[in-house]
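What follows is a single structure, written as structure tokens, with notes after it.
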Amino acid sequence: MKLSVITPSFNQGHFIKETIDSILNQNWPDLEYIVMDGGSNDDTVEILESYGDRIIWKSEKDRGQTHAINKGLELATGDVICYLNSDDFFLPGVISKVMNEFENPDTKWVTGDYIIVDENGKEIQSFVASYKRLLRMFPQKLTLKIANYIIQPSTFWRKEIVDEFGKFDEDLHLTMDYDYWMRIIKKYPLVNLKEPLCGFRIHGDSKGGTIFEKQFNEELEIAKRHGVKGIPYLLHKIHNWGIVNAYKLIK
């Protein structure tokens, strides 16, 4: 079974080699790795060139991260697809574990746990990971209306999901993944692996490190777009307020 991994990138030369190596070093026999770079002016292109034909890549100006992901989706030919940002990384042995789940023809998408790391790879904010782990124990559809508990870089889906639900909404720049999950979960249950699949990096230039308040505001608008109202909407609003203020205390 073929896996396509897409990495959107822009000026992440400091991290992208670790991202690429975390994928290629797993030695999955049928892997398509696509890097869509937005025209970086650091050493990203030199790093990409160093991998030769082991990866497919383009470096050209785009309309942002969501557009880059969608460009990758247009190229992807795998049976299963995911995207991994250029400052995150897969943990060892992840691909085989995930692909094993897709041997079940009823499995449409899979997610898992994660660790959160800083720019030096040191694990941080373990309580945040524990909190999301707790949320994943509750009913999927209802809980997703209140909080986005799905870990984006730990999430994989069949290509037929793209054929059915389309690509990511390019009008969204911060929580386009939440919109996509809300679309899919209305029809297909999510398979949840209870072990960490990725390292999610928070640093000075990451969205999670700089504009988290805007992220949660966009997330709330997405919830409204998907018909979340009444008590679930109020709970989502309260949840976001609590998380934003907690993040401010952390920082």
Ile150 side, atom CD1; Ile185 side, atom CD1 - distance, nearest 0.5 Å: 5.0 Å
Pair His226 + Tyr180: ring centers closer than 6.0 Å: no
Residues that Leu24 engages under side-chain contact (heavy atoms from CB on, under 4.5 Å), provided they are two or more places apart: Ile20, Leu31, Tyr33, Tyr51, Arg54, Ile55
Residues Gln26, Ser96; criterion side chain to side chain donor-acceptor pair (under 3.5 Å); working and verdict: CA-CA 8 Å; Gln26 301 203 29; Ser96 60; 5.9 Å; no
Residues in ring-ring contact (aromatic ring centres under 6.0 Å, His included) contact with Phe89, at least two apart in sequence or another chain: none
Residue pair His239, Tyr131: steps toward the ring-ring contact (aromatic ring centres under 6.0 Å, His included) verdict: CA-CA 12 Å; His239 172 270; Tyr131 174 64; 5.8 Å; yes
Cationic N near anionic O, under 4.0 Å, Glu60 to Lys71: yes
Distance (rounded to the nearest 0.5 Å) between Ile56 CD1 and Met36 CE: 10.0 Å
Gap between atom CD1 of Ile16 and atom OG of Ser9 - 0.5 Å precision: 3.5 Å
Short side-chain to backbone donor-acceptor contact, Trp109 and Pro189, under 3.5 Å: yes
Neighbour count above 12 (heavy atom, 6.0 Å) for Lys167 NZ: yes
Members besides Phe10 in its Ile/Leu/Val/Met/Phe/Trp/Tyr cluster (side-chain heavy atoms under 4.5 Å): none
Ile151-Met182 co-clustered via ILVMFWY side chain contacts under 4.5 Å: yes
Transitive ILVMFWY side-chain link Leu197 to Ile115, under 4.5 Å: yes
Cation over ring face, Lys108 and Tyr188, 6.0 Å, 45°: yes
Electrostatic pair Glu119-Arg201, nearest N-O below 4.0 angstrom: no
For Phe15, the rest of its hydrophobic cluster, which grows through side-chain links under 4.5 angstrom: none
Lys2, NZ atom: more than 12 neighbouring heavy atoms under 6.0 Å: yes
Non-hydrogen side-chain atoms of Ile34 and Trp57 separated by less than 4.5 Å: no
Check ion pair Asp113-Lys132 (N to O, under 4.0 angstrom): no
Asp43 side chain to Glu46 backbone, donor-acceptor under 3.5 Å: no
Separation between CG of Asn100 and CE of Met1, rounded to the nearest 0.5 Å: 9.5 Å
Ring-ring centroid check Phe156 Phe90, cutoff 6.0 Å: yes
Distance in Å, Tyr178 OH paired with Arg225 CZ, rounded so as to fall on 0.5 Å steps: 11.5 Å
Whether Glu213 side chain and Val244 backbone form a donor-acceptor pair below 3.5 Å: no
Donor-acceptor side-chain pairing of Asp37 and Gln12 below 3.5 angstrom: no
Lys229 atom NZ, over 12 foreign heavy atoms within 6.0 Å: no
Co-membership, hydrophobic cluster, residues Leu193 and Trp157, 4.5 Å side-chain: no
Modelled atom types, side-chain donor and acceptor of His203 and Asp87, under 3.5 Å: yes
Path from Phe216 to Trp181 over hydrophobic side-chain contacts below 4.5 Å: yes
Side chains of Thr175 and Glu218, donor plus acceptor under 3.5 Å: yes
Whichever hydrophobic residues join Phe138 through chains of side-chain contacts under 4.5 Å: Leu134, Met137
N/O donor-acceptor pair under 3.5 Å between Asp88 side chain and Cys198 backbone: no
Same apolar cluster (I L V M F W Y, side chains within < 4.5 Å links), Leu3/Phe102: yes
Any Leu84 side-chain heavy atom under 4.5 Å of Ile6 side chain: no
Residues that Lys187 engages under side-chain contact (heavy atoms from CB on, under 4.5 Å), provided they are two or more places apart: Glu164, Phe165
Under 3.5 Å: donor-acceptor pair, side chain of Asn120, backbone of Lys122: no
